[in-house]
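Here the structure comes first, spelled out in structure tokens, and everything after it is commentary.
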Amino acid sequence: MKATTGYHDRLERVKSYIYDHLDEDIDLNHLAEVACLSPYHWHRVYAAVEGETIAATVKRLRLHRAAGHLAHGDEDLESIAKRAGYGSLSAFSRAFGAVYGMPPAQYRREGSHRRFAANGKEPGGIAHEVEICDVPRRHLLVVRHQGSYMEVGKAFDRLFRTLAQHGLMRPDLEMVGLYHDDPMSVPEEALRADAGVVLEAEAIPPLEAATLAGGPCARLLHKGPYADMQPAYDWLFGHWLPASGREPGDAPVFERYLNTPQDTPPTELLTEIFLPLKPLG
């Protein structure tokens with residue numbers, strides 16, 4: 001157990017370094033130093049533990065961030081390409097298109113974030129389907145996150161690595177994210193979120209025990225990249241909620257993840273968005 005724990009701790013340092021230095025050239029030999037592992041073998045250790053190569057991790061995180069800039073900002077394509085580590089716009093366009101199904105300029109115009117524009121209807125005029133359901137009370141183990149919601153994956157990485165260290169990782173665990181603040185009114189550096197799994201167990205630092213209160217919720221299924229989800233929230237709060245006659249409950253919104261970006265293309269990611277509601281009567 002100690003040896004396995006040591007490897008997980010070392011690779012957690014590597015993942016944290018990557019998240020914190022995405023704008024820089026990431027030297028693989030330096031990452032070996034961060035991991036305190038031989039540069040001859042550490043790539044193999046990383047890929048075996050993480051399920052993807054270090055190059056795949058860096059590429060995935062940079063393209064995820066780039067998708068967010070394209071969906072929610074007006075930064076020019078050349079600047080986004082440079083921040084993603086590409087020396088030319090054409091190279092960035094090829095890489096982005098291979099993962100997100102369309103080149104970046106088209107994605108900005110027609111990506112899945114555009115489905116929630118114009119009165120909350122699809123281009124064909126079909127309204128999004130929202131289901132009101134009763135969610136049971138759940139016990140969670142969570143890792144706290146503060147900062148950009150686009151970087152909550154860092155907390156999920158730490159969550160999964162800690163669960164694996166203690167033999168608690170199972171393929172049937174439900175993954176949830178709780179989002180405590182409105183990113184439109186709270187500074188990015190102060191945003192709070194919890195990356196969690198549904199599991200009744202003792203707290204294991206850095207994991208903390210938490211509770212999903214449950215109760216009536218509006219549920220909206222989102223298909224597509226995580227970077228595209230803010231317009232879905234805007235539609236849910238700005239169009240569906242006023243028309244529904246319901247009032248939001250005193251609890252944070254949360255998401256349930258039906259698949260993961262490690263083995264699913266961004267365009268096929270499925271996320272259930274839950275908006276807690278006040279009970280009727």
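Numbering of residues begins at 1 and proceeds along the displayed sequence.
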Just to verify, which of L163, V197, V142 counts as forming a side chain to side chain contact (heavy atoms under 4.5 Å, CB included) with L207? L163
Side chain to side chain contact (heavy atoms under 4.5 Å, CB included) between S16 and K154: does it pass, once the steps are laid out? CA-CA 7 Å; S16 294; K154 185 176 181 179; 3.8 Å; yes
How would you list all residue pairs meeting ring-ring contact (aromatic ring centres under 6.0 Å, His included) that involve residues 70-103, not counting sequence neighbours? Y86-F92, F92-F96, F96-Y100, F96-Y107, Y100-Y107
Residues in ring-ring contact (aromatic ring centres under 6.0 Å, His included) contact with Y17, at least two apart in sequence or another chain: H21, H30
Is any side-chain N of the basic residue among R65 and D23 closer than 4.0 Å to the acidic one's carboxylate O? yes
Ignoring hydrogens and angles, tell me if any N or O in the side chain of D228 forms a donor-acceptor pair with the backbone of H113 under 3.5 Å. yes
Within the 4.5 Å heavy-atom criterion, are H69 and R83 side-chain neighbours or not? yes
Within the distance-only criterion (no hydrogens, no angle test), does the side chain of R62 pair as donor or acceptor with the backbone N or O of L22 below 3.5 angstrom? yes
D25 atom CG: more than 12 heavy-atom contacts under 6.0 Å: no
Let me see the working for E33 and N29 under side chain to side chain donor-acceptor pair (under 3.5 Å), right down to the final yes or no. CA-CA 7 Å; E33 295 177 6; N29 288 328; over 6 Å; no
Any non-hydrogen side-chain atom of R108 less than 4.5 Å from a side-chain atom of R114? no
Under the ring-ring contact (aromatic ring centres under 6.0 Å, His included) definition, can you give me all pairs with a residue in residues 259-281, not counting sequence neighbours? F254-F274
Are the aromatic ring centres of Y226 and Y149 under 6.0 angstrom apart? no
Report yes if the side chains of H64 and P225 come closer than 4.5 Å at any heavy-atom pair, otherwise no. no
Across all chains, not counting sequence neighbours, the ring-ring contact (aromatic ring centres under 6.0 Å, His included) partners of Y233 are none
Cut-off 3.5 Å, side chains only: do H180 and D194 have a donor facing an acceptor? yes
Any side-chain to backbone donor/acceptor pair from R246 onto K278? Under 3.5 Å, distance only. yes
Taking all non-hydrogen atoms of both residues into account, name the closest pair between L70 and P104 and its distance. CD1-CB, 3.7 Å
Verify, without hydrogens or angle tests, whether E272 (side chain) and L220 (backbone) share a donor-acceptor contact under 3.5 angstrom. no
According to the side chain to side chain donor-acceptor pair (under 3.5 Å) rule, which pairs have a member within residues 201-217, sequence neighbours left out? R144-E208
On a heavy-atom basis, which atom in W42 and which in L37 lie closest, and how many Å separate them? CB-CB, 3.6 Å
What do the steps show when you test T271 against E255 for side chain to side chain donor-acceptor pair (under 3.5 Å), and what is the final call? CA-CA 6 Å; T271 306; E255 300 171 356; 5.5 Å; no
Members other than M184 in its cluster, when Ile, Leu, Val, Met, Phe, Trp, Tyr link by side-chain heavy atoms under 4.5 Å? none
Looking at E200, I'd like to know if its CD atom is crowded, meaning that more than 12 non-hydrogen atoms belonging to other residues, nucleotides or ligands lie closer than 6.0 Å. no
Same hydrophobic cluster for L212 and V253, using side-chain heavy-atom links shorter than 4.5 Å among ILVMFWY? no
Any donor and acceptor pair, going by atom type alone, linking the side chain of H145 with main-chain N or O of S148 inside 3.5 Å? yes
Before giving the answer on side chain to side chain contact (heavy atoms under 4.5 Å, CB included), spell out for I273 and L236 the whole-Å C-alpha distance, their side-chain angles and the decisive distance to 0.1 Å. CA-CA 9 Å; I273 300 172; L236 190 61; 4.1 Å; yes
